[in-house]
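Both ligands and their constituent atoms are indexed starting at 1 by order of listing. Keep in mind that this is a model prediction, so the values were computed, not measured.
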Amino acid sequence: MRVGFGYDIHRLIGSRALILGGVRIEHRQGLEAHSDGDVLIHAICDSLLGAAGLGDIGQHFPDSEPEFAGISSSYFLIRCMKLIGDKAYQLENIDCTILAEEPLLNPYFPEMKAKLSELMGVTPQQINLKAGTNEKMDSVGRKEAIAAYAVCLIRNKEL
Ligand code: MG
């Protein structure tokens with residue numbers, strides 16, 4: 001068994017769609033990024049890569065690459081699952097926390113879990129999502145950004 005940790009934060013800006021966990025969230029702002037800015041998927045990818053000893057998302061999908069401009073982060077997640085699968089690892093479970101002052105994210109959790117489990121080829125029960133605010137402090141608390149954390153456990157299926 002190996003553990004992995006991931007963290008990401010992106011700035012909220014106007015006139016962008018807010019995508020979290022591969023799901024479109026109703027909000028007046030979205031996340032600034034080279035890709036679609038899905039902080040939750042980015043944190044999940046980093047935790048998966050970290051657990052497998054495969055570095056980080058920036059190494060595999062550099063934001064200097066034009067091919068990744070505006071790309072759906074779902075693609076990164078599918079690729080990361082393939083990368084850990086190629087090293088004979090399978091996901092045991094993943095636990096995530098999203099920090100956003102607004103909007104309320106809990107109502108989207110069933111849809112986000114369904115989408116993430118489909119992309120990752122696991123059951124929704126293997127994915128846990130939590131959301132909180134930053135108690136009005138710092139960039140997240142001032143509604144300038146959304147951050148996400150993820151911890152995962154992977155198992156070598158050949159052992
Ligand atoms: Mg990111």
Exercise for the section: Provide the tally of protein N/O/S atoms nearer than 2.8 Å to the Mg ion (ligand 1). Expected result: 3
Practice task
Kindly write out the residues that satisfy side-chain contact (heavy atoms from CB on, under 4.5 Å) with S73, not counting sequence neighbours, or none if the list is empty.
Solution key: S35, D36, D38, I41, H42, F76
Fill in the blank from the handout: For residues 53-65, the salt bridge (Lys or Arg N to Asp or Glu O under 4.0 Å) pairs (sequence neighbours left out) are none
Practice task
For the residue pair F68 and F61, categorise the inter-ring angle as parallel (less than 30°), tilted (30 to 60°) or perpendicular (more than 60°).
Solution key: perpendicular
Handout entry: Of N106, I127, I98, the residue whose pairing with M112 passes side chain to side chain contact (heavy atoms under 4.5 Å, CB included)
Key = I98
Problem - salt bridge (Lys or Arg N to Asp or Glu O under 4.0 Å) contacts in which one or both residues fall within residues 87-107, not counting sequence neighbours - result: R28-E102, E92-R155, D95-K130, E102-K143
Practice task
Count the heavy atoms belonging to other residues, nucleotides or ligands that lie under 6.0 Å from CZ of R11, then report whether that count exceeds 12.
Solution key: no
